[in-house]
Number of protein chains: 2
Amino acid sequence: MDLSIGDLSRRVAVKVPTIRYYEQIGLLPAPPRTEGRQRRYGAEDVSRLSFIRHARDLGFEVDAIRELLSLSARPDQPCEPADRIVLRHLESVERRIAQLTLLRSELRHMLDDCRHGPVRECRIIQVLADHDECRHEHGKVS
Amino acid sequence: MDLSIGDLSRRVAVKVPTIRYYEQIGLLPAPPRTEGRQRRYGAEDVSRLSFIRHARDLGFEVDAIRELLSLSARPDQPCEPADRIVLRHLESVERRIAQLTLLRSELRHMLDDCRHGPVRECRIIQVLADHDECRHEHGKVS
DNA sequence: GTACAATCTCTAGCGACTAGAGGTTCAAGA
DNA sequence: TCTTGAACCTCTAGTCGCTAGAGATTGTAC
Ligand SMILES: [Zn+2]
Ligand SMILES: [Zn+2]
Ligand SMILES: [Zn+2]
Ligand SMILES: [Zn+2]
């Protein structure tokens with residue numbers, strides 16, 4: 001196993017510049033290089049990058065992934081810190097779903113109420129101009 | 001009505017630097033200035049900024065808001081373009097909710113399956129290392 | 001040996017702000 | 001009227017997680 005950055009990229013489905021970026025921010029270790037200073041990767045890099053990619057796909061932030069990686073390197077430690085990271089993430093996903101659900105309802109109402117006449121009579125424009133016309137206390141969609 | 005940028009900020013609950021930023025990107029018109037080059041705003045600015053703020057709270061992007069603002073300045077035109085903007089936004093909110101719902105389920109499973117032992121046995125770490133352990137084809141959470 | 005795809009480094013851009021430095025103006029109280 | 005200091009000004013840079021390009025070098029297949 002002696003993969004170029006392009007090989008690694010295809011294997012793990014992470015773009016080449018992203019791999020270099022992960023190295024730059026210290027998420028991936030700097031790999032050995034060829035004579036001509038091209039990067040060469042091994043099996044360990046494949047699994048580490050797969051882990052990172054999967055965690056990113058699941059919405060974890062880079063700092064959280066950093067902690068999860070360093071935890072998985074200490075297999076005898078209790079896993080509780082990892083659980084707490086996931087729980088925190090789950091809670092933020094739940095908050096986000098709640099916000100977006102309110103938002104969806106608000107947008108549906110706007111569309112339902114619109115009579116498709118001139119802008120002057122358009123409920124969408126009216127609601128946008130005045131939050132009091134809203135059904136919900138949708139917060140800011142952060 | 002002759003409001004300083006701070007007055008406007010308090011009235012509409014938009015931070016002062018954000019107001020200047022909106023002017024810079026052409027979302028708010030450049031207001032008249034005092035002798036000492038401080039900005040002074042009127043009633044029209046209050047409603048325009050309220051509109052912007054409400055649309056941002058509802059998750060519209062700045063470009064969409066630009067279009068919505070220019071539509072609301074033509075009250076005799078048909079409102080259909082506004083409706084299409086809202087529909088597009090609603091659809092993206094719905095996609096996002098669907099993604100996040102899958103994600104939530106996946107995270108809950110991870111937490112449920114964890115036996116709170118050493119990292120070596122932690123389901124969370126195992127699942128992160130291998131997407132085949134996942135219940136769902138959660139896509140990338142963009 | 002040569003062509004050319006892939007790699008390299010470096011810088012800048014995305015969206016929608018936010019923070020800070022360093023300087024100027026306005027307005028209220030003495 | 002003068003003084004103080006909060007609020008204002010402009011400009012630059014930072015946030016997050018990449019992505020895109022320029023321009024130079026290297027690896028590899030024919
Ligand atoms: Zn309408
Ligand atoms: Zn509202
Ligand atoms: Zn665990
Ligand atoms: Zn998965």
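Here is the naming used below: chain letters follow the sequence lines, and residue numbers restart at 1 for every chain.
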- Message: For A:Phe60 and A:His89, take the angle between the two ring planes, folded into 0 to 90°, and tell me which bin it lands in: parallel under 30, tilted 30 to 60, perpendicular over 60.
- Response: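 The rings of A:Phe60 and A:His89 sit tilted, inter-plane angle from 30° to 60°.
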Quick test: give all pairs of protein nitrogen or oxygen and nucleotides 12-14 of chain C nitrogen or oxygen below 3.5 Å, distance rounded to 0.1 Å.
none

Check the distance between [N]'s [atom2] and [X]'s [atom1] and give it to me in whole angstrom.
X: B:Leu8; N: D:dC9; atom1: CG; atom2: P; value: 11 Å
X: B:Ile19; N: D:dC9; atom1: CD1; atom2: P; value: 10 Å
X: B:Ile5; N: C:dT18; atom1: CD1; atom2: P; value: 13 Å

- Any B:Leu107 side-chain heavy atom under 4.5 Å of B:Arg104 side chain: no
- Task: May I ask you to test the A:Arg20-A:Val16 pair for a side-chain heavy-atom distance under 4.5 Å?
- Result: yes
- Query: Please walk me through it: do B:Arg84 and B:Glu80 pass salt bridge (charged side-chain N to carboxylate O under 4.0 Å, His left out)?
  - Reply: CA-CA 6 Å; B:Arg84 261 188 292 112; B:Glu80 198 224 318; 3.1 Å; yes
- Message: Please classify the nucleic acid contact of A:Ile25 as base, sugar-phosphate, or nothing, using heavy-atom distances under 4.0 Å.
- Response: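 Nothing, no nucleic acid heavy atom in range.
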- Message: Walk along nucleotides 10-30 of chain D from 5' to 3' and tag each nucleotide B, S or - by protein heavy-atom contact under 4.0 Å, base first, then sugar-phosphate.
- Response: B------BBS------SS---
- Message: Please determine whether a side-chain nitrogen of the Lys or Arg among B:Asp63 and B:Arg66 lies less than 4.0 Å from a carboxylate oxygen of the Asp or Glu.
- Response: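 A salt bridge is present here (some side-chain N lies under 4.0 Å from a carboxylate O).
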- Message: Quick check on B:Glu44: does its CD atom have over 12 non-hydrogen neighbours (other residues, nucleotides or ligands) under 6.0 Å away?
- Response: no
- So with a 6.0 Å cut-off around CD of B:Gln99, is the heavy-atom count from everything else above 12?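 It does: B:Gln99 CD has more than 12 such atoms within range.
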For residues 109-116 of chain A, which side-chain donor-acceptor pairs fall under 3.5 Å, sequence neighbours excluded?
residue, atom, partner, partner atom, Å
A:His109, ND1, A:Arg135, NH2, 3.4
A:Asp113, OD2, A:Arg135, NH1, 2.9
A:His116, ND1, B:Asp83, OD2, 2.7

